[in-house]
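Chain letters run A, B, ... following the sequence lines, proteins first and then strands; every chain starts at 1.
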Amino acid sequence: MTEETKAESLDFIREMVAADMKNGTFGGKVVTRFPPEPNGYLHIGHAKAICLDYGVAAENNGVCYLRMDDTNPTKEDTEYVESIVRDVEWLGFPVGDRLTFASDCFEKMVECAEKLIETGKAYVCDLSAEAWEEYRGTLSAPGRESPNRNRPAAESLDLFRRMRAGEFEDGALVLRAKIDMASPNINMRDPVIYRIRRVHHFRHGDKWCIYPMYDYAHPLEDAFEGVTHSFCTLEFEIHRPLYDWVLDNLGFAFPNRPRQTEFSRLNLTGTVMSKRKLLRLVKENFVQGWDDPRMPTISGMRRRGIPAEAIHRLCKTVGITKFDGVTDLALLEFCTREVLNRDASRYLAVLDPLKVVIANFPEEGVEPLDAVNNPEKPEAGSRKLPFSRTLYIERSDFMLEPPKGYFRLSPGAEVRLRYGYFIKCNEVVKDAAGNVVEVRCTFDPATRGGAAPDGRKVKGTIHWVAADAAVRAEVRLYDRLFTTEEPGTESEDFVTELNPDSLRVIEGFVEPALAEIPAGTAVQFERLGYFAADLDTCTDRPVFNRTVALKDSWSKKQ
RNA sequence: AACCCCGUGGUGUAACGGUAGCACAACUGGUUUUGGUCCAGUUAGUCUAGGUUCGAAUCCUGGCGGGGUUGCCA
């Protein structure tokens with residue numbers, strides 16, 4: 001064994017799976033599942049679970065199902081199913097025929113429920129939801145037994161079948177597991193496992209009027225699919241005894257008994273992650289949709305230009321633990337820059353133009369210059385870049401009175417135009433208010449391409465576009481959605497913490513090569529950041545979403 | 001308040017009774033036709049009090065701090 005082959009450390013889940021494989025707990029198999037409820041779009045937090053579920057399966061030659069946990073049709077919809085499949089596939093995981101629906105198992109779940117009733121483990125209860133509050137007890141006081149608790153099995157079975165047949169009003173009866181009303185874990189105090197709810201199901205229409213509760217349905221879904229390792233987030237930790245109770249009382253035993261393991265969800269600074277809150281941002285038009293580039297959704301990040309690989313890298317870096325922390329958004333930005341620095345072609349763009357006239361350059365004509373597409377990736381080739389007498393440069397790349405350490409353009413200073421020539425500023429034109437509106441320069445023809453044959457150096461290299469050839473583009477700059485690091489922690493009314501400047505739309509100039517760039521393409525505008533071409537049918541101009549700004553040590557110093 | 005889970009630099013994560021390491025962030029410096037990249041370096045950590053042990057981030061007990069649970073949501 002050489003040093004390079006030194007094993008990477010495993011997270012606690014992968015260690016557990018490795019031990020299971022070694023001990024043959026599940027007969028040497030690994031089956032996992034990613035089980036979203038189709039009531040919203042997937043976000044970056046789900047990506048962590050997806051990477052874990054699919055990752056552990058793949059590492060052990062197992063399979064992973066994408067299961068729609070559609071046991072409560074009130075908020076579920078096919079739109080969400082479709083978006084979830086799209087997002088999982090975009091992340092690079094196969095779905096295909098491994099797409100399943102919990103609701104397809106409803107018949108088997110009813111059979112199991114009847115078995116629980118027959119063995120005295122479940123009973124039909126007529127206590128209203130309000131009445132139950134009193135019976136349930138509190139966190140510190142035990143509950144009381146329902147008067148229906150000892151209803152004969154035959155009677156419960158009959159009532160349960162009539163519940164299913166639609167003989168009762170919504171909420172009139174429920175089926176409860178008979179466990180322990182004195183348990184310190186409230187989930188074990190005779191939890192509801194079936195309720196009557198006449199709601200149209202997006203997949204089964206009005207076939208069902210009883211729906212199973214999560215705590216009862218989930219372990220069965222896992223068991224029916226042959227899942228071995230059922231990973232979920234920390235808030236389900238306290239539900240695990242019930243998960244186990246369902247399986248134990250229906251006779252599931254290893255190696256055919258799934259096991260639940262919890263890990264901490266992903267939190268990112270400056271955003272919210274709960275579907276309820278994200279839904280509100282969409283419904284109340286605080287953002288333009290689930291795929292708004294400011295959203296922490298997978299689709300939003302895709303549109304923002306964040307590559308799937310960056311999300312993988314983030315998930316790998318944050319790892320899997322039970323510590324409930326908050327990951328700095330800077331880590332996602334780092335992962336994004338890392339991938340984009342390698343892959344994105346470089347282009348020139350000017351967002352806040354200042355006119356530059358090259359006095360000694362011919363009035364007419366355009367000179368095509370060679371520009372390398374990506375210095376990190378020679379195989380990306382090069383392109384032609386038009387140069388002319390009138391140019392635009394970034395307003396911030398010129399200063400009348402430059403502070404110490406500023407090495408861009410200023411009166412008397414010489415800088416390099418990227419891929420172009422050295423230019424020197426000779427004259428400044430101001431308007432009546434004293435604002436600089438034009439800079440007059442001379443260029444050195446010997447420095448074509450950006451190198452001086454006499455070996456003289458310039459410290460600054462600035463970007464530019466030829467005024468006549470440049471293309472108008474809409475550039476969208478995004479900032480964090482919220483002003484606070486952890487929005488919503490202080491007040492439930494988290495929308496009061498929304499950042500009013502989270503979207504800035506700018507009319508800028510880009511070089512002509514970008515006129516017809518395909519949507520989704522990631523590019524770097526030198527010195528400005530990474531951008532993703534957007535397909536926005538509301539505008540006839542190319543649109544760019546800024547994925548992430550470049551690191552900028554100069555402006556940070558100021 | 002009862003029960004469960006979790007506490008390692010500012011942040012995220014390693015070390016599985018034997019040298020506290022990595023990454024991000026921050027800060028220096030070097031290279032550079034992007035103030036990007038790349039390279040080198042600096043700052044900074046085991047919540048706390050006991051106990052077990054030759055030896056504790058790791059095991060035990062108490063305290064403190066954080067999170068979760070009182071849906072006929074998932």
Using only modelled atom types and a 3.5 angstrom limit, is any donor from either the side chain of [X] or the base of [N] paired with an acceptor on the other?
| X | N | answer |
| --- | --- | --- |
| A:Arg408 | B:rG35 | yes |
| A:Gln524 | B:rU34 | yes |
| A:Glu376 | B:rG36 | yes |

Checklist entry - With a 6.0 Å cut-off on ring centres, are A:Phe387 and A:Trp464 close enough? => result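 Ring-ring flag for A:Phe387/A:Trp464: true, centres closer than 6.0 Å.
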
Next on the checklist: Can you confirm if the aromatic rings of A:Phe236 and A:Tyr214 lie within a centre distance of less than 6.0 Å?
Outcome noted: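 Under 6.0 Å, so yes.
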
Rounded distance (Å) that lies between atom [atom2] of [N] and atom [atom1] of [X]:
| X | N | atom1 | atom2 | value |
| --- | --- | --- | --- | --- |
| A:Leu234 | B:rC5 | CG | P | 11 Å |
| A:Phe334 | B:rC22 | CZ | P | 15 Å |
| A:Lys322 | B:rC6 | NZ | C1' | 9 Å |
| A:Phe323 | B:rC47 | CZ | P | 11 Å |

Next on the checklist: Any base atoms under 4.0 Å from A:Leu314, or only sugar-phosphate, or nothing? Heavy atoms, all strands.
Outcome noted: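 It contacts nothing in the nucleic acid.
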
Next on the checklist: Classify A:Gly319 by what it touches in the nucleic acid, base, sugar-phosphate, or nothing, heavy-atom distance under 4.0 Å.
Outcome noted: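 Counting heavy atoms under 4.0 Å across all strands, no contact is made by A:Gly319.
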
Watson-Crick or G-U wobble partner of [N], both distances under 3.5 Å:
| N | result |
| --- | --- |
| B:rA44 | none |
| B:rG21 | B:rU13 |
| B:rC64 | B:rG7 |

Does [X] place a side-chain N or O at less than 4.0 Å from the phosphate oxygens OP1/OP2 of [N]?
| X | N | answer |
| --- | --- | --- |
| A:Ser140 | B:rU70 | no |
| A:Thr321 | B:rU13 | yes |
| A:Lys275 | B:rC73 | no |

Interatomic distance at [atom1], [N] relative to [M], whole Å:
| N | M | atom1 | answer |
| --- | --- | --- | --- |
| B:rC39 | B:rG63 | P | 49 Å |
| B:rA1 | B:rU53 | C1' | 39 Å |
| B:rC24 | B:rU42 | P | 15 Å |
| B:rU46 | B:rU11 | C1' | 16 Å |

Item to check | Flag for A:Thr233-A:Glu235: side-chain donor and acceptor within less than 3.5 Å | outcome: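 Result is yes, a qualifying pair exists.
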
Checklist entry - Do A:Arg346 and A:His463 have side-chain N/O donor and acceptor atoms under 3.5 Å apart? => result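 Their side chains do not contain a donor-acceptor pair, so the 3.5 Å distance test is not met.
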
Next on the checklist: Side chain of A:Ile238 only, heavy atoms from C-beta on: which candidate in B:rC72, B:rG68, B:rA15 is closest?
Outcome noted: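 Looking only at side-chain atoms, A:Ile238 lies closest to B:rG68.
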
Checklist entry - Under the 6.0 Å and 45° cation-pi test, does A:Arg144 pair with A:Tyr135? => result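 The answer is yes, since A:Arg144 meets both limits relative to A:Tyr135.
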
